[in-house]
Structures are given as C-alpha cells and as structure tokens.
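Heads up: the structure comes next, in structure tokens.
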Amino acid sequence: MSYPDVLFYVFAALAAVSALVVVFARNVVYAAFSLLFTFLGVAGIYVLLHADFLAVAQIMIYIGGILVLLIFGVMLTTRVTNVDLPGGVLKTMPATIVSGILLGTLLRLVTRASWFVEPELPSPEGTTAAIGDRLVTTHLLPFEVAGILLLVTIMGAALIARTNGRRRDA
Amino acid sequence: MTVGLTHYLVLSAFLFTLGILAVATRRNAILMLMGVELILNAANINLVAFSRFQAMNLDGHVAAVFVIILAAAEAAVALAIVLQIYRQHQTVNADTIDTLKE
C-alpha cells in the first residue's frame, strides 16, 4: 500500500468516526467539537484529490466560519451540561432503518457501477489559478448570483437576529 | 488494493447517510444543522472525486466552491432563526416548538 493510500484511510477514518460522534453523542458540545475533526478529515481528503484550493477553503470557511458560528449557537441556546434527548426508540427506529436501507442502496450502486475513469492527469501548478479563470469566464453568472446571495444573506441574518424588531421612537 | 474513485464514493455515501440520520433523529435544531453540513460535505467529496478521476476537470471544483458558499449562507440564516426561536420559546427542541400546529 502506497503512502497516499495509507493517508486516505487515516483521513477517511477520522472523518467517519467523528461523524459518528456527531450523530450519536449525547452532549451537544461534544457533537459540535467532533464536527471539527470531520471537517479536518474532509480537508485531508481534498488534499489527496489534488484539490489544494478547496482544502484551504474548507479549513477557512467551514472550520473558521461555519463551525465557529455553530459553536456560538450551541453556547447561546443550551446549558453547557445539556444533553439532547432522542425522541425515543419509536421515533428513532424508523429513521435508522430507512438510513440503513439508503446506505445499502448507495453502497451497492457505487461499488457495482462501472464508472468512467480517465487516466489520471496530475496538475503540477495547483488549481487556484484555473478555478479563478473559470469563475470569471465560463461560470461568471453563478459567481455574480452567489455574490448577491451573500449580500442578501448578510442583511437577512442581521435583520432576523436583531433583538428588538421596531424602534420605539419611529 | 489501491485507492480509487470507489473508495471516495463509499466514504461520501457513509457521510451522507450519517447526515440524513442526524437530521432525522436529532431533536436539537443546531444538531440538525450539523447534519445538513455533513450532507453538503458528502456531496462536495463526490464532486471533487469525480473531477479528479475525469482527467482533472475543474468544473467539479467550481461547483464545490458554490456548495461551500451556499453552506455558509445557510448556516448564517438558520442560526439567526434558531436564536429567535430560542428567544421566543426558551428551547431549540424541534418537538416542543409546535405553535403552528395548534
């Protein structure tokens, strides 16, 4: 087994195990911090797939942004010792069964299908410049729409999260 | 056995299922959001893996960038809503917030 293959198994195990903790941990804070290791594992997977830009973006945006936001949410809305009680066996059992069937179907599909795989083409100079090129040429419209979406999101989140909706003197 | 496309797809399917399970079984609204993040990460692994094994076609990477943008936007707005719900109901348990049912 070559060195990158060992790394793949390390990162995949890290992501999978910590995702299991996210789903099954009783303590909300443990789940939030376990998500950190899932994101790190996925970033490692990106590196192994030669997606250097996405790996850095994953760390900066997911861990530096989204995860911090989620942990803030956890700390603002739950007591630290709070546990998330599941809805009882009667409610979790159907979901577990359906998820198991879904996983089985996906695994069967993924392993049986004969995917079209091109001979690999390593890119020595990284992907960042090429992604930037595509963002302002072939994918310009989605890029602009994403910018507008982020602007609207900022305004919407600020408006929704405001403490008091109306000013007293207005 | 050398690591190929199938290995990445299996990992992605596993993460996707865990995300679905989290959304379905967790009652805490923030934990449900974490499940959504897991699902989006699984989708991203798929996009990047296919892009890698189809002669490094970078369109998959661009799609993954847009998925990350949407995940950030979704997390911001959803957490704002969850905070407002907590102010109104003093809980974020999805089972006890049933004002619209009555």
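Here is how names work: the chains are called A, B, and so on, in the same order as the sequence lines, proteins then strands, and each is numbered from 1.
- There is no path of hydrophobic side-chain contacts, each under 4.5 Å, that joins B:Val62 to A:Ile148.
- One hydrophobic cluster holds both B:Phe14 and A:Leu35 under the rule that ILVMFWY side chains link at heavy-atom gaps under 4.5 Å.
- A donor-acceptor pair is defined here as one N or O able to donate and one able to accept, closer than 3.5 Å; no such pair exists between the side chain of B:Gln54 and the backbone of A:Val117.
- Note on ring orientation: taking the six-membered ring where Trp is involved, the planes of A:Tyr9 and B:His7 are perpendicular (angle over 60°, cut-offs 30° and 60°).
- Crowding of B:Arg87 atom CZ: a count of heavy atoms from other residues, nucleotides or ligands under 6.0 Å exceeding 12.
- Counting non-hydrogen atoms of other residues, nucleotides and ligands closer than 6.0 Å to CZ of B:Phe66 gives a total above 12.
- A:Leu140 is connected to B:Val67 through a chain of hydrophobic side-chain contacts under 4.5 Å among Ile, Leu, Val, Met, Phe, Trp and Tyr, so both are in one cluster.
- Taken together through direct or relayed side-chain contacts under 4.5 Å among Ile, Leu, Val, Met, Phe, Trp and Tyr, A:Leu48 and A:Val56 form parts of separate hydrophobic clusters.
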Mind running ring pair (Phe, Tyr, Trp, His ring centres under 6.0 Å) on A:Phe8 and B:Tyr8 for me, showing each step along the way? CA-CA 9 Å; A:Phe8 168 79; B:Tyr8 293 101; 4.7 Å; yes
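- Nearest heavy atom pair, residue B:Phe16 against residue A:Leu102, reads CE2-CD2, 3.7 Å.
- For the pair B:Ile68/A:Leu54, a side-chain contact is recorded, criterion being any heavy-atom separation below 4.5 Å from C-beta on.
- With a 4.5 Å cut-off on non-hydrogen atoms, A:Leu149 touches chain B through its side chain but not through its backbone.
- Between the side chain of B:Arg52 and the backbone N or O of A:His50, no donor-acceptor pair lies under 3.5 Å.
- Across B:Ile69 and A:Ala146, no two heavy atoms sit closer than the pair CD1-CB, 4.0 Å.
- The residue among B:Ala71, B:Ala29, B:Gly60 with the most heavy atom pairs within less than 4.5 Å of chain A is B:Ala71.
- The shortest distance between side-chain heavy atoms of A:Leu49 and B:Phe53 falls below 4.5 Å.
- Contact of A:Phe24 with chain B is made through backbone and side chain together, with heavy-atom distances under 4.5 Å.
- Both the backbone and the side chain of A:Leu20 come within contact range of chain B, each with at least one heavy atom under 4.5 Å from a heavy atom of that chain.
- When each of A:Ala95, A:Pro142, A:Ala15, A:Pro4 is checked for heavy-atom pairs under 4.5 Å with chain B, A:Pro142 comes out on top.
- Atom-to-atom distance recorded for A:Leu159:CG and B:Gln84:CD is 9.5 Å, nearest 0.5 angstrom.
- Considering only heavy-atom pairs separated by less than 4.5 Å from chain B, the leading option among A:Ile66, A:Leu109, A:Val23, A:Leu76 is A:Val23.
- The line from OG1 of A:Thr77 to CD1 of B:Ile30 is 3.5 Å long, rounded to the nearest 0.5 Å.
- Counting heavy-atom pairs under 4.5 Å between each of B:Gly19, B:Gly4, B:Ala78, B:Ala73 and chain A puts B:Ala73 at the top.
- For the atom pair B:Thr17 OG1 and A:Leu107 CG, the distance stands at 7.0 Å (nearest 0.5 Å).
- When hydrophobic clusters are built by joining Ile, Leu, Val, Met, Phe, Trp and Tyr residues whose side-chain heavy atoms come closer than 4.5 Å, directly or via intermediates, B:Val82 is grouped together with A:Met75.
- For chain B, the nearby parts of A:Leu69 are the backbone and the side chain; heavy atoms of each come within less than 4.5 Å.
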Expected list for residues 33-51 of chain B: side-chain donor-acceptor pairs under 3.5 angstrom, two or more places apart:
from: B:Asn41; atom 1: OD1; to: A:Gln58; atom 2: NE2; distance (Å): 3.1
from: B:Asn41; atom 1: ND2; to: B:Glu37; atom 2: O; distance (Å): 3.2
from: B:Asn46; atom 1: OD1; to: B:Ser12; atom 2: OG; distance (Å): 3.1
from: B:Ser51; atom 1: OG; to: B:Asn57; atom 2: O; distance (Å): 2.9
from: B:Ser51; atom 1: OG; to: B:His61; atom 2: NE2; distance (Å): 3.2

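- Most heavy-atom pairs under 4.5 Å with chain A, from the set B:Leu18, B:Thr6, B:Leu79: that is B:Leu18.
- Contact record, A:Ala157 with B:Ala76: CB-O, 4.1 Å, taken as the closest heavy-atom pair.
- B:Leu9 contributes atom CG, which lies 10.0 Å from atom CG of A:Leu106 (distance to the nearest 0.5 angstrom).
- Of the listed residues (B:Val23, B:Val10, B:Ile20), the one with the most heavy-atom contacts under 4.5 Å to chain A is B:Val10.
- With values rounded to the nearest 0.5 angstrom, B:Leu5 atom CG is found 11.5 Å from A:Phe116 atom CZ.
- Interface remark: of the candidates A:Ser2, A:Ala32, A:Ser99, A:Ala51, A:Ser99 forms the most heavy-atom pairs closer than 4.5 Å to chain B.
- The two residues A:Ala16 and B:Leu15 have their closest heavy-atom pair at CA-CD2, 4.5 Å.
- Partners of B:Asp59 according to the side-chain hydrogen bond (donor to acceptor under 3.5 Å, both in side chains) rule, which considers only residues two or more places apart in sequence or in another chain, are A:Arg134.
- Rounded to the nearest 0.5 angstrom, A:Thr138 OG1 and B:Leu58 CG are separated by 10.0 Å.
- Heavy atoms of A:Leu70 lying under 4.5 Å from chain B belong to its backbone as well as its side chain.
- With a 4.5 Å cut-off on non-hydrogen atoms, A:Leu135 touches chain B through its side chain but not through its backbone.
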